[in-house]
Amino acid sequence: MDARIEVAGGDEPQAPGPAPVDGPPAVADRVPAPPVRTSPPRPHGPSHPRKRRPAARVMARVVARVLLVLTGLASVALGFSWFVDAFDAATAYRGAPACTAPVAAATDCTTHETGRVTDRRAGSNEDSPHYEVTVSREAAPTDTYAVSDGLFGSVRSGDNVDLTLWNGRVVEISHQGHRSPVTEVPWLTFLELALLVGAGTLLAVHTLLRRGWDGWFLPAVACLFLSVFAFAGSVLLIALQWSFAFTLTVPIVGWLALTTVITAMCWED
């Protein structure tokens, strides 16, 4: 018999619903995605703006650099002044008056003596020839002097030569129209002069180029060579005793040229 279910209060019969299924409830196949987090909008401009330096600090840095450059140039100028003093001391006898009577050795006037050549020698030092004569004097011990090649070629052993003395020191030897100055080179002064010029140039160039502490090597090596040239040039110019204008122009032009080369080398490094 067909069983029918009648609903109370209703005339039409209803179809029976699905039978209940035993077991755990069904699990959905898809796992819900996590919510997407959006980053907040970035502000316009740099994330870490640089702090503006106070004007006083910038001005202090500029003043410090200017003072360092001026200190370096002042050191170079001091070195040149020492060179001028050495040149004046070596050539002061040229303008000194002749002594009219026997005077003390410290008097600033020139006297003349006659000496006799007892020996003469020629040699070379690093491909540079040099000439020496040994002269005996009546009132002083025998001494050896470096002379020019012209005077060296004009004298022989036993010849008499004229000696010019200034402050008791032989400053010139002459024979048959050939004159040769006798210069005492102030080696220590020239060494200090060369180091002063090199250090001053290094300080000025390094400060102008604004190189850090790790950028000292190349300028220091270049300025060391500059010091060597300054020392050798000072000795040579004092020995040659050219005119004052020419003698001073040569080292100034040489320093400007070498400093320009050093600055260009350090700039490109």
Less than 4.5 Å apart, side chain to side chain, heavy atoms only: is that true for Ser75 and Leu203? no

I'd like to know whether Leu193 forms a side-chain contact (heavy atoms from CB on, under 4.5 Å) with Phe231, so could you lay out the CA-CA distance, the side-chain angles of the two residues, the decisive distance to 0.1 Å, and finally the verdict. CA-CA 7 Å; Leu193 176 157; Phe231 177 79; over 6 Å; no

4.5 Å side-chain heavy-atom contact, Asp159 and Gln176: no

Would you call the rings of Phe83 and Phe190 parallel, tilted or perpendicular, where under 30° means parallel and over 60° means perpendicular? tilted

Applying the 4.5 Å side-chain criterion to the ILVMFWY set and letting contacts propagate, would Leu67 and Met59 be lumped into a single cluster? yes

Measure the acute angle between the ring planes of Trp242 and Phe246, then classify it against the limits of 30° and 60° as parallel, tilted or perpendicular. perpendicular

Shortest non-hydrogen pair, Val170 vs Arg137, comes out as CG2-NH1, 3.5 Å

Least distance between heavy atoms, Ala204 atom then Leu73 atom: CB-CD2, 4.3 Å

With clusters defined by side-chain heavy atoms of hydrophobic residues (ILVMFWY) lying less than 4.5 Å apart, directly or transitively, does Val205 cluster with Leu68? no

To check you understand the geometry: which heavy-atom pair defines the closest contact between Trp166 and Ala89, and what is its length? CZ3-O, 4.0 Å

Test side-chain hydrogen bond (donor to acceptor under 3.5 Å, both in side chains) applied to Thr134 and Asp143, Thr144, Asp119, the passing residue: Thr144

Tell me if the OH atom of Tyr93 is crowded by more than 12 foreign heavy atoms within 6.0 Å. yes

Only counting residues at least two apart or in another chain, list the ones meeting side-chain contact (heavy atoms from CB on, under 4.5 Å) with Thr91. Phe87, Arg94, Gln241

Let me see the working for Ser234 and Trp82 under side-chain hydrogen bond (donor to acceptor under 3.5 Å, both in side chains), right down to the final yes or no. CA-CA 10 Å; Ser234 298; Trp82 288 357; over 6 Å; no

Would you mind reporting whether Val155 and Val161 have side-chain heavy atoms less than 4.5 Å apart? yes

Determine whether Phe225 and Ile262 make a side-chain contact, defined as any pair of heavy atoms from C-beta on separated by less than 4.5 Å. no

